[in-house]
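Reviewing the structure listed below.
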Amino acid sequence: MLNLILETLKKENIAVWKVKKTLRERAELYFIRKQLDMPRYAVVPEYEVSIYRDFEENGKAMRGLSVCYVDEGQTQEEISAKIQAAYFAAQFVKNPFYELADAICEPYKESTSNLRGMDIKSAASALADAFLSIEDDGIAFVNSLEIFVRRTEVEIIASNGLHVSFGSDKIDGEFVTQCVKPIDVEQYRQFSYDNLDAEALKQKIATAIEDVRRRANAKVAPKTGTYNILLTGENVATFLEYYCIRSHASTIFPGYSTWKKGDKVQKDGSGEKLNLDLVATTPYSADGVAMKDLPLLRDGVLQNIFGPTRFMRYLGEQPTGDFTKLRVEGGTMKFEDMKSEGTLETVSFSDFQMNAFTGNFGGEMRLCLLRENGKDIPLTGGSINGKMQDVEDKLIFSTEKYEDGSYCGPYAVLIPNVPVAGI
């Protein structure tokens with residue numbers, strides 16, 4: 001099919017193009033309580049064809065783009081019709097001209113995950129076994145669980161001579177915990193891993209079960225006021241998206257962010273200096289750019305901007321590709337030492353968000369723990385609403401670590417003097 005697409009592009013006299021072939025192998029398990037409700041296994045090929053059209057408007061060089069998708073088994077006539085339609089549509093996408101990713105031609109790059117070489121059905125079963133080993137007391141439990149193990153093979157070819165291919169493996173999924181006494185409540189959780197780690201999933205589920213039990217016993221919201229807040233786990237990654245989004249080329253080029261390499265983007269203060277890295281989870285980007293780990297901040301100073309080829313070209317920068325994982329260095333305080341009297345640990349939110357354009361962060365708390373007389377008091381309701389610019393110079397990170405598919409770094413961050421709306 002790939003050769004047929006390439007032949008059709010030549011036949012249609014398309015001068016500039018890129019074809020991305022993706023072969024996805026998936027093993028999926030769906031549980032209701034501890035009963036396997038549905039297993040699925042599929043191998044699905046996908047062909048994404050990017051058609052570029054060069055033209056001028058008011059004396060300015062433009063490069064339009066339209067994308068079409070070809071299905072396995074389609075005829076050359078059907079493919080031609082799709083390519084012709086995409087070429088026609090590309091004239092209405094009036095992007096300033098830019099060069100595609102550099103024309104590299106390299107051998108296949110293997111996945112570095114420990115899933116490589118393993119049957120993905122067996123990997124899914126190992127995760128299921130870890131879940132099934134958790135005791136169910138009938139009061140607090142997992143009422144549904146979905147496990148996805150994905151193996152992906154990608155090949156990217158472009159008209160300028162670019163030709164790369166690679167494999168990647170990933171685990172992700174979601175589950176809902178439920179506690180039926182003293183009141184019936186549910187909480188939703190997600191997980192993602194680059195490697196098979198059944199013990200990590202087991203621990204995450206066990207912790208979530210205890211959290212939903214505490215949620216069922218929480219009766220009131222915290223009092224309105226200002227608190228030292230503890231964010232944990234994936235919420236730390238969301239909080240630090242402020243620095244990723246504001247250093248992204250697609251944010252800088254249109255002027256939404258004024259950050260430049262060498263800018264001090266974190267204020268000086270009593271907190272820890274930020275040292276952030278972007279982690280390459282695949283050897284090539286969707287554009288075919290060779291990817292490697294990229295320093296983002298060093299002691300609060302911006303080291304690089306990043307993003308897809310088009311916006312990096314517009315900014316006069318070498319394309320880096322897009323990144324989906326952040327690594328955070330540091331952590332100076334034990335988690336338990338962070339929980340001083342009056343500290344509010346935010347265990348779960350309805351939806352914790354960071355607005356990178358304003359710096360505002362917050363969300364409604366489903367479960368939080370107030371440290372009072374040396375004990376953690378479960379509370380529910382109320383919301384936090386802070387601003388990164390007010391706290392970035394006072395942040396303290398835990399020595400304990402946390403890792404998932406999008407984050408690797410301290411498990412918790414202590415944020416001082418955050419407004420809380422409660423009772």
Side-chain angles (χ1 to χ4, degrees), residues 1-3 5-6 9 16-27 42-50 67 69-70 72 99-124 148-172 192-197 244 248-249 276-296 303-313 317-327 403-408:
M1 179 55 68
L2 180 59
N3 288 335
I5 293 171
L6 298 179
L9 287 165
V16 187
W17 49 264
K18 181 185 66 161
V19 179
K20 180 182 177 184
K21 175 188 175 182
T22 306
L23 184 66
R24 293 187 174 89
E25 181 184 7
R26 303 195 307 264
V43 179
V44 181
E46 179 185 273
Y47 300 89
E48 178 187 284
V49 184
S50 299
V67 177
Y69 294 88
V70 174
E72 190 76 31
E99 295 288 353
L100 301 186
D102 294 346
I104 57 175
C105 185
E106 296 180 343
Y108 173 84
K109 295 289 181 67
E110 187 67 271
S111 166
T112 58
S113 169
N114 65 5
L115 286 163
R116 188 53 46 146
M118 183 184 303
D119 177 68
I120 64 170
K121 295 179 185 177
S122 299
F148 309 120
V149 182
R150 310 175 194 270
R151 172 159 297 144
T152 306
E153 302 293 339
V154 177
E155 184 174 7
I156 303 172
I157 306 173
S159 53
N160 64 351
L162 182 146
H163 191 173
V164 295
S165 56
F166 64 94
S168 68
D169 302 276
K170 190 175 182 65
I171 291 167
D172 55 20
S192 65
Y193 305 107
D194 297 325
N195 293 286
L196 176 62
D197 190 343
C244 298
H248 195 274
L276 311 181
D277 292 289
L278 299 167
V279 180
T281 55
T282 58
Y284 303 100
S285 75
D287 290 334
V289 174
M291 296 188 67
K292 58 183 179 180
D293 292 0
L294 189 71
L296 189 65
Q303 303 297 302
N304 289 287
I305 61 174
F306 71 101
T309 300
R310 178 162 69 96
F311 288 108
M312 293 296 282
R313 296 290 198 205
E317 298 283 347
Q318 184 65 22
T320 63
D322 252 330
F323 292 82
T324 58
K325 186 169 185 175
L326 178 68
R327 181 171 58 235
E403 183 169 5
D404 62 19
S406 61
Y407 173 81
C408 174

* To do: Would you sort out whether Leu326 and Cys244 count as a side-chain contact (heavy atoms from CB on, under 4.5 Å), showing the intermediate values?
  => CA-CA 8 Å; Leu326 178 68; Cys244 298; 3.9 Å; yes

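- Separation of atoms OG1 (Thr22) and CD1 (Ile156) is listed at 7.5 Å; rounding is to 0.5 Å.
- Nearest heavy-atom pair, Thr282 versus Tyr284, reported as atom, atom and distance to 0.1 Å: OG1-O, 3.0 Å.
- Across Asp194, Asp169, Asp172, a single residue satisfies salt bridge (Lys or Arg N to Asp or Glu O under 4.0 Å) together with Arg150, and that is Asp172.
- A salt bridge does not link Glu25 to Arg116: none of the charged side-chain nitrogens sits closer than 4.0 Å to a carboxylate oxygen.
- For the atom pair CG (Leu2) and CD1 (Ile157), the distance works out to 4.5 Å, reported to the nearest 0.5 Å.
- Looking at heavy atoms from C-beta onward, Ile120 lies out of side-chain contact with Leu115 at the 4.5 angstrom threshold.
- When atom types are taken as modelled, the side chain of Ser285 and the backbone of Gly321 share no donor-acceptor pair closer than 3.5 angstrom.
- For the atom pair Arg26 CZ and Phe148 CZ, the distance stands at 9.0 Å (nearest 0.5 Å).
- In this pair, Phe306 and His248 present their aromatic rings perpendicular. The plane angle is above 60°, beyond the 30 to 60° band.
- A donor-acceptor pair under 3.5 Å links the side-chain atoms of Asn195 to the main chain of Asn114, judged by distance alone.
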- Task: Report the C-alpha separation of Val19 and Leu9 in whole Å, then their side-chain angles, then the decisive distance to 0.1 Å, and conclude whether the side-chain contact (heavy atoms from CB on, under 4.5 Å) test is met.
- Result: CA-CA 10 Å; Val19 179; Leu9 287 165; 3.7 Å; yes

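- A distance-only check finds no donor-acceptor pair linking the side chain of Ser165 to the backbone of Val154 [under 3.5 Å].
- Interatomic distance, OG1 of Thr320 versus CZ of Phe311, reported as 13.0 Å (0.5 Å rounding).
- Arg313 has a carboxylate O that lies under 4.0 Å from a charged side-chain N of Asp102, or vice versa, which qualifies the two as a salt bridge.
- Separating the CZ atom in Phe166 from the CD atom in Glu155 is a distance of 11.0 Å, to the nearest 0.5 Å.
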### Message
One pair to check against side-chain contact (heavy atoms from CB on, under 4.5 Å): Arg327 and Asp293. What are the steps and the verdict?
### Response
CA-CA 10 Å; Arg327 181 171 58 235; Asp293 292 0; 3.4 Å; yes

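- A heavy-atom distance below 4.5 Å is not found between the side chains of Thr309 and Leu100.
- Residues Asp277 and Pro295 come closest through the heavy atom pair OD1-CA, 3.2 Å.
- Ala101 and Val289 get closest at one heavy-atom pair: CB-CG2, 3.8 Å.
- The shortest non-hydrogen separation linking Arg151 to Gly117 is NH2-N, 4.0 Å.
- Using a cutoff of 4.0 Å between basic side-chain nitrogens and carboxylate oxygens, Asp287 and Lys18 are scored as salt-bridged.
- Atom NZ of Lys20 is surrounded by more than 12 heavy atoms from other residues, nucleotides or ligands within 6.0 Å.
- Across all their heavy atoms, Glu317 and Ile305 have their closest contact at CG-CD1, 3.7 Å.
- Of the charged side-chain nitrogens involved, at least one lies within less than 4.0 Å of a carboxylate oxygen, so that Lys325 and Glu403 count as a salt-bridged pair.
- Rounding to the nearest 0.5 Å gives a distance of 5.5 Å between CG of Leu162 and CD1 of Ile104.
- Minimum interatomic distance between Ser406 and Ser192 (heavy atoms only, all atoms of both residues): N-OG, 4.2 Å.
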